[in-house]
Amino acid sequence: MRVSPAPVLAIGLLWAAASCARGETAPAQATSYTTLDDQGSQLRADFNRGVGTVRLLFVVDPICPTCLRGLDDMNRDLLESTTDPRLQTFVVHEPVLGTARAAPWSRLAVGTDVIKAAQLLHNPRVQHYWNPSGEFGQMLSQGVGLRNSEHLVYAWDVWLIYGPEAKWEGTNPPRPRLLMNQLGALRGSTEFPHLDSHVFAQQVQALLAQLPPATSTPTPSHSLQ
């Protein structure tokens, strides 16, 4: 899936600014990612291992300015302030922006861009995936019924919350408790509201408050591919 981009200027500068958005130097941390096949096999396994926890799913293009801002906002308002083992975050990176003929300054994201974008999230329980074909966006769109009127909307720059009961049993990912987005195609949607990181964080904290007290669990491992 390719989307005609708005001007994507100074993406590197935006990433750097987002990393230090609060005038602080982001702490150094190891970042890695798993290459995701078109069936989402590894994500499905990791997601289902997390049954009983609150799980977040962020789907972004790692060179998209609004996606990068969304990651930084989620980090600021939620992830950097908790190490709660009952909260797990999965981030799927996929190439969306970039059509060389229409926008010579733009390019498609590559795996190395995932590493840069991943550094915006400072939380030990975040797992990153790279889906180079972009097929995951189609699967998610179908699974959650991401529609504008009667037309499916390709899923990217979307931010989902899953409760402890959620399990991925079919071909496509399950429907979430909440899906927020930053997509023009869904502007004005009441079912899929525009991203508000403060509201998102409040919803996550409310779900966590309903779970049994946290116990220590191992930090998930990452494989770099």
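Side-chain atoms are counted along with the backbone in the values below, which use heavy atoms only and exclude waters and symmetry mates. Starting from 1, each residue takes its place in the sequence as its number.
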Answer yes or no for R55 and F90: cation-pi contact, defined as NZ/CZ to six-membered ring centre under 6.0 Å and angle to ring axis within 45°.
no
Do F47 and Y162 have their ring centres less than 6.0 Å from each other?
yes
Taking only distance into account, with no hydrogens and no angle test, what donor-acceptor pairs under 3.5 Å do side-chain atoms of residues 195-204 form with protein atoms, sequence neighbours excluded?
unit_1, atom_1, unit_2, atom_2, d
D196, OD1, H198, N, 3.0
D196, OD1, V199, N, 3.2
S197, OG, D77, OD2, 2.4

Kindly write out the residues that satisfy side-chain contact (heavy atoms from CB on, under 4.5 Å) with S81, not counting sequence neighbours, or none if the list is empty.
none
Tell me, please, which residues at least two apart from R49 pass side-chain contact (heavy atoms from CB on, under 4.5 Å).
Q42, A45, D46
Check whether any side-chain N or O of N75 sits under 3.5 Å from a backbone N or O of H122 as a donor-acceptor pair, and report yes or no.
yes
State whether the side chain of D72 and the backbone N or O of L120 hold a donor-acceptor pair below 3.5 Å, judged by distance alone.
no
T89 meets the side-chain contact (heavy atoms from CB on, under 4.5 Å) criterion, sequence neighbours left out, with L56, F58, L79, V91, V126
Mark yes or no for whether N123, through its side chain, and E80, through its backbone, hold a donor-acceptor pair below 3.5 Å.
no
How would you list, by chain and number, every residue that makes a side-chain contact (heavy atoms from CB on, under 4.5 Å) with T171, sequence neighbours excluded?
none
Can you name the salt bridge (charged side-chain N to carboxylate O under 4.0 Å, His left out) partners of R177, sequence neighbours left out?
E165
So which atom in L152 and which in Q142 form the shortest heavy-atom distance, rounded to 0.1 Å?
CD1-CG, 3.8 Å
